[in-house]
Structure formats: C-alpha cells, structure tokens
Visitor: 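Let me give you the structure first, and then I'll get to my questions.
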Protein chains: 2
Amino acid sequence: MNLKELAELLGLSQTTVSRALNGFPEVSEKTRERVQRAAKKNNYAPNTAARGLATGRAFMIGHVISTSNQNETVNPVFGDFVAGVGEIYSANGYKMMLSVVPPHEDEYQVYRDLNAQSIVDAVVVHSPCIDEGRIPFLSELGLPFIVHGRASECEIPYAWLDVNNRSAFLRATDFLHDLGHRRIALLNGLEHMDFAHRRREGYESSLVSHGLKVDNELISSHEMTESYGFERTSELLRSESPPTAILAASIVVAFGARRAVQAAGKVVGKDVSIVTHDDCLSYLRNNDPVPIFTATKSSVREAGRRLAAMLLQVIENPDMEPPQELLEVELTIGQSTGPAPVG
Amino acid sequence: MNLKELAELLGLSQTTVSRALNGFPEVSEKTRERVQRAAKKNNYAPNTAARGLATGRAFMIGHVISTSNQNETVNPVFGDFVAGVGEIYSANGYKMMLSVVPPHEDEYQVYRDLNAQSIVDAVVVHSPCIDEGRIPFLSELGLPFIVHGRASECEIPYAWLDVNNRSAFLRATDFLHDLGHRRIALLNGLEHMDFAHRRREGYESSLVSHGLKVDNELISSHEMTESYGFERTSELLRSESPPTAILAASIVVAFGARRAVQAAGKVVGKDVSIVTHDDCLSYLRNNDPVPIFTATKSSVREAGRRLAAMLLQVIENPDMEPPQELLEVELTIGQSTGPAPVG
DNA sequence: ACGATTTTTCAAAGCGCTTTGGTTAGCCCA
DNA sequence: TGGGCTAACCAAAGCGCTTTGAAAAATCGT
C-alpha cells in the first residue's frame, strides 16, 4: 500500500493524506482521523527511500565501529550503549545504522561515503583517542556528529558526552589511600584511548597530592580482557614489593585480577583490595546489597540515552552551540576493599 | 555532487555515467575508467534514497533486538555477532540497521513497519524461543529472514544457522561422566529459549544413556549473569548432596560458579569441575595453551559471518530452498575439570 | 562503398514521497 | 447579495537515481 493507493481509497488527494499523517494544521480533524484510521487499518507506512529523497533527511543515525585494533576486540560496552541510544532513537522516529569497518580498511572513507550517499543525518563517534582525527575530519566534512567520550588534544569545539574519568580514578585512589594503601597498582586500558589517559591522570594526581610518587612498575596498559587482569595481577603479586591494592579498568579486568589473587592463595578485600570501574552492563551486574566490587559506577546505557537526546538536538538545530556533558560517577563500596594489611 | 552534475562535468548523459559505475557491459572500457576516475576524484557516491527508490532495494539488513525481557538484559554475545555479520555485509555493499524494541512495545509492529516502509531487504531473527511466533509471522509477511538459532516447535521451512547445542551438552555431560562424575548440575539459560531447551535435552539424554536419572534439584534455568552463576552454585554446594561437577551456560555464568566454588573454600578442577559453553567473545578469551575452562566452543563471530553470507544468498535468490546450517562445537579441555573426588 | 550489424550513447519516464502555489468551498458582515 | 476571509483541499513539480526504448556512431561483410 502506497500513498497514492491510500489517497484513492479515501477519495482524497495525496497532498491531503500526506499532510494529515504528518500533522499539518491545514487539514480538518475529521479528515485527519479518517486518514489515520485508514492508514493503520491498511498497514500503510511511508516508503523511507521516497520520503528521504523528498525531504533530504534520512532519519538515520550512523554508528561506525572499528574492529581494527590488534585483536579485533569488540567493546563489551557496545551492546548496552546501543540499547540506550536505540531507545531514544525509536521514540523519536529515528533509525540506527551500524557500519563495521573491516580490519585494514579506511574508516575515513566510510564517513565520506556515508556523507556523500546522504544515508545518515549524523554519526556517533566511538572510542576517541587522545588526538582524535575523526573530529576535525567530520567538522570539515560538515556531517553532524557527537563523540562518546572526549579528545584531550582537540582544540575545536564539538559535541560530546563523557564520564568524568579523571575524577573517578582520583576518588578511587584517594579512597584506597584513606584505607592505608600505599602501593596501588593501575591496570589501565589502552592509554592512547582518551578515557584511559584521563584515568591515569586522576590516579597520578591523587598519588602526588598525597606525597606518593608514581611508580611505573605499578602501572600497565592493555586491552581490557579477563586474561589481562589475571596475567598482570599474577605478575604484580610475584614481584618483590607487590601492591596491596589494584585499580582495574573494567569489571572484566577485575574478574581476572580476582582470579589471580585467589590463585595466589590470598583473599580479596583483605590481602589485596580491588576497585574497578563499572559500566553497569546488564549481564555483569554488580549491585547486590553489598556489591562484589567496590566500584566507580556509571551506566553506559543511561549515557547512551543522554547522548542520543543531545544528538537529536544538534540535528534539529544545526546552528546551536555544540552541547557537552560530563557525567560524574558514583563511588560504591563493596566487598573487594578493606584496610591495607599491616607490615 | 550528484549524478547530473557528474554527467555534465564529463559531458556524458546520466544514463551512461550510471551504467559505467554499475558495471554494465554496454559502455566502453575507456569511458568507464574515465567515469570511475572522476567519481572517485569528486567523491561521488549515489544517493541511497534515490537509488533505493529507483531499484526497490534498500541494500540494508534489519536486526531487531528486544530488551523487553525481565531485566532488559542485552545479550553479551551481541557485539561479537554483529561484528561478524557486519564484515560480510560491508564486503557486499549492504548496510545494517538496528532496531531496539523498547520494553512493552510490540515487536511485531516493528517488523510490519520495516516491511511497509521497505527500509530493509531482509531481517535477522535473534534469540528464538521454542515456539517462535516471529517465524510464521515473517513468512506470512513476505519479508525475507534468517534465524540465528532454531525453533524446535516450528514446522514450516525457514532459513537458519544454529550451533548443535544438543550434541554440545551431550558431549560435555558424557565427558564429565567419563571422569567419574555422577552428580552433574546444569546451570542453564532461560529454557523457553530454544538453545537452552536443546542443551537440556543433550544433558538429560547423556545422563539417561548412562543409566543415571535426571535430578531436578540439579537443574536450574535463569538469565546468564555472573550473579546467577554465583548464587546458584553457592546454593548447590550448601545442599546435602552437592554436585561434583557443573555445566554452565556461558563463560559469564562460569565466572560466577568459580567464584562460589572458591568462596566455599574448594578448588575448581579438583573438588568441583566446571564445563561451560564458550562463544569465543573477543574480550573473554579462553584460549590460553591450557584454557581456564573446559568448554564447548563455537565462535559467535564466525557464526555471524556464515549467517550473513547465507542471508545474502536468500536475498539474491528468493526462490531458493531456505538454507540451513548446523555448526558443531569443539570440546576443549582446560584447567577447570578433573576426576570426580573419591568418596 | 553501402546496407546490415554491433557498439555506444542518450532522452525521458518512473520510483513514492513532500511541498509549493494554487483553487474551491464555506463563512461572515455590511 | 456579494465581496473579503479563512478553512480545506488539490495538481503538479521535484528530490536523484535506474532503466526502457530509441538514436547515433562505429564496425563489418561483400
């Protein structure tokens, strides 16, 4: 069923039917209702391609995800983030397109094509690194976008939504310090990623403010996998002066750390404390009455919702100041931390 | 830059330029090259909406994901699966659309709209349950589709790609039996899901074939979260005749189970054996020389690649017999299993 | 060299919608 | 009763592409 057929069926012109369905004022309420009823009954929905061609808008947001990192790892956060944005998109009549950039292919070309084909109204930039080339590139291209995260070394203004990673890890380190810990290890994510960079800043800044010095032996940076958590923690525990506390980049890494602590015959929260960042993934809930892990919490799904809402604003109102929002984390105390062991 | 402008630039008609770019034979190689060069140079790419309108094809595959389960959990497998299909899609000029069905909304209406708006050429059905209503519905609707998994109680023919879950859990149970285990617990996924149903069949069938009887006390069914693994295992270990082995539905569940075993002061692989299914998620690798977990392995990313290829066949060739493919798992021995403790 | 083919190019229609710039119908007031 | 409004509707153009059916150009055989 297309517009023409529906119009004929109703004995109205295409114009009127179109206007009725799109909520224009110059159509009587009586006709509008009649049209809407007929549309629903005949399962009419406007052809997207035709509408897109006529309006120049695609009502589609692009998400470009690259798996071209060393291990082609998919960010475990992805599913929940997408669920968050998707909720807002569909509530506002937008659809979401996913482009997977195959390894060794040019991500920039993907954006160029998306733009030339005018298949999306805007894109979301994922996992920005410190000097993120995509930001100036997209600005130049004129394709509206918003960044999930930030790029420390980017000067031009752009829309973003980020978690306050610096403050999160600063507070977490402060907390461990307050418990008496003096050797605190950081199991960071890949440090060319902006979020990891900022977390390290927070961590170091806390140490310095307490008169401790930064010991590079205690710091590592890697993709956030379970085995990274395990291997690295095992290594740390074997060293001559092992840490009494560990700051993990994600719950998955913390799982690995915990496994290593237990494998070494030690007790988490007593011999070794663990604090982790928690994205509140739906299948890795850490919200028992007393959570497993002491954590800096920030729901990535909620972040997706906020970010989507901001992006829709940008689309509807292209000349606005780019919106920016910084989400603070919650520091929740769980079973994985305790006072530093004496001696 | 649109086709008309490019044609004028080249002093050719739109027809010729279009044909040149789309690989039609009735255009000389010389012209074709000239056109392609100009297109690349001017960053021309055909407008998707216009092309879609003209051809009636969208070159887009829809993935509808529902988060309307009790906890709005996102399947952790999703990211890797999408990475797999996305690879094949983009290699073949297809795009992927994601529709998130908000909780309490009608998933069927989403499919109806997708179809009416002719915004996708086909859809992928995720997480089928035993009697999956979406299969007859989509057949009826005439929207091409493929199912990731199967529906045991569905009679009509349809395209699917599935893992042999029955054989996987049968083999895993056999393996534990061979090690001397007689009380084997099953921490299954939600059993209205087809995959979980089949796994239980495999488990029970192995028990029966060894003359053991099925003890419902040892069987549970739940969303596959870490805390499920922990809580349920703790409960089992506290019971009067605890299991000596556990069959877990996923690595995340196995993590929880391991935590419970350790919390009970027991040793995994000695006091309690654990076998899990492993989807080979990129951030939960279980492929050390001797893997952490003994597991039935099947890469969900590779499954995505296969499934995408099959779906594209269906699209290009609508009248073909629906393709169906059953993937066998690998049973790999890791550190989490050992002979049943004596006494 | 000239009609018959084959190769290469083209003009124009059509895909299904939105939107511009009307026209017609209905109403009010003098 | 008729001129001036407003309210309600409509015909047709146009979005940028593909594709049909025809024309022009090049090639061929005799």
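Predicted model, so just to flag it, every value in this text is computed and none were measured. In what follows, every chain begins at residue 1, and chains take the letters A, B, ... in the order their sequences are listed.
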Visitor: For D/dG16, does OP1 or OP2 lie under 4.0 Å from any side-chain N or O of B/Y44?
Guide: no

Visitor: Taking donor-acceptor contacts at under 3.5 Å, does the side chain of B/T15 reach the base of D/dT18?
Guide: no

Visitor: Take atom CG of B/N2 and atom C1' of D/dC15, then tell me their distance rounded to the nearest Å.
Guide: 10 Å

Visitor: If you only use heavy atoms from C-beta on, which nucleotide in C/dG16, D/dT19, D/dT18 is closest to the side chain of B/F24?
Guide: D/dT19

Visitor: So, does B/T16 get its side chain near the phosphate of C/dC10, meaning an N or O under 4.0 Å from OP1 or OP2?
Guide: yes

Visitor: Taking 4.0 Å as the cut-off, does a side-chain nitrogen or oxygen of B/N22 come that near to OP1 or OP2 on D/dT18?
Guide: yes

Visitor: Between C1' on C/dG16 and CD1 on B/I119, what's the gap in Å once rounded to a whole number?
Guide: 14 Å

Visitor: Compare every heavy atom of B/L311 with every heavy atom of B/F145, then report the nearest pair and how far apart it is.
Guide: C-CD1, 4.1 Å

Visitor: Can we say B/R301 and B/D80 salt-bridge, meaning some charged N sits less than 4.0 Å from an Asp/Glu carboxylate O?
Guide: yes

Visitor: What's the spacing between A/Y94 OH and A/I315 CD1 if we round to 0.5 Å?
Guide: 4.5 Å

Visitor: Here's a test for you: under side chain to side chain contact (heavy atoms under 4.5 Å, CB included), which of A/D162, A/L307, A/V85 qualifies with A/H148?
Guide: A/L307

Visitor: Just the rounded figure in Å: distance from C1' of D/dG14 to NZ of B/K4.
Guide: 10 Å

Visitor: For the pair made of CG in A/L3 and C1' in C/dT18, what is the distance, rounded to whole Å?
Guide: 9 Å

Visitor: What is the distance, rounded to the nearest whole Å, between atom CG of A/L6 and atom P of D/dC10?
Guide: 13 Å

Visitor: Roughly how many Å is it from CG in A/L12 to C1' in D/dC10, rounded to a whole number?
Guide: 10 Å

Visitor: Can you tell me the distance, in whole Å, between the CD atom of A/E5 and the P atom of C/dG16?
Guide: 8 Å

Visitor: Could you check A/A50 against B/E26 and say which one's nearest nucleotide on DNA chain C is further toward the 5' end?
Guide: B/E26

Visitor: Whole Å only: how far is the CG atom of B/L10 from the C1' atom of C/dT8?
Guide: 15 Å

Visitor: Within the structure shown, what part of the strands sits under 4.0 Å from A/T31 by heavy-atom distance: base, sugar-phosphate, or nothing?
Guide: sugar-phosphate

Visitor: With sugar-phosphate meaning primed atoms plus P, OP1 and OP2, does A/T55 contact a base, only sugar-phosphate, or nothing at under 4.0 Å between heavy atoms?
Guide: sugar-phosphate

Visitor: Looking at B/S18 and D/dT19, is any side-chain donor or acceptor paired with a base atom of the opposite kind under 3.5 Å?
Guide: no

Visitor: Side chain of B/A54 only, heavy atoms from C-beta on: which candidate in C/dC10, C/dT18, D/dG16 is closest?
Guide: D/dG16

Visitor: Find the distance between CG (A/L114) and OG (A/S99) and round it off to the nearest 0.5 Å.
Guide: 5.0 Å

Visitor: If you assign each of B/L53 and B/R19 to its closest nucleotide in DNA chain D, which residue comes earlier from the 5' end?
Guide: B/L53

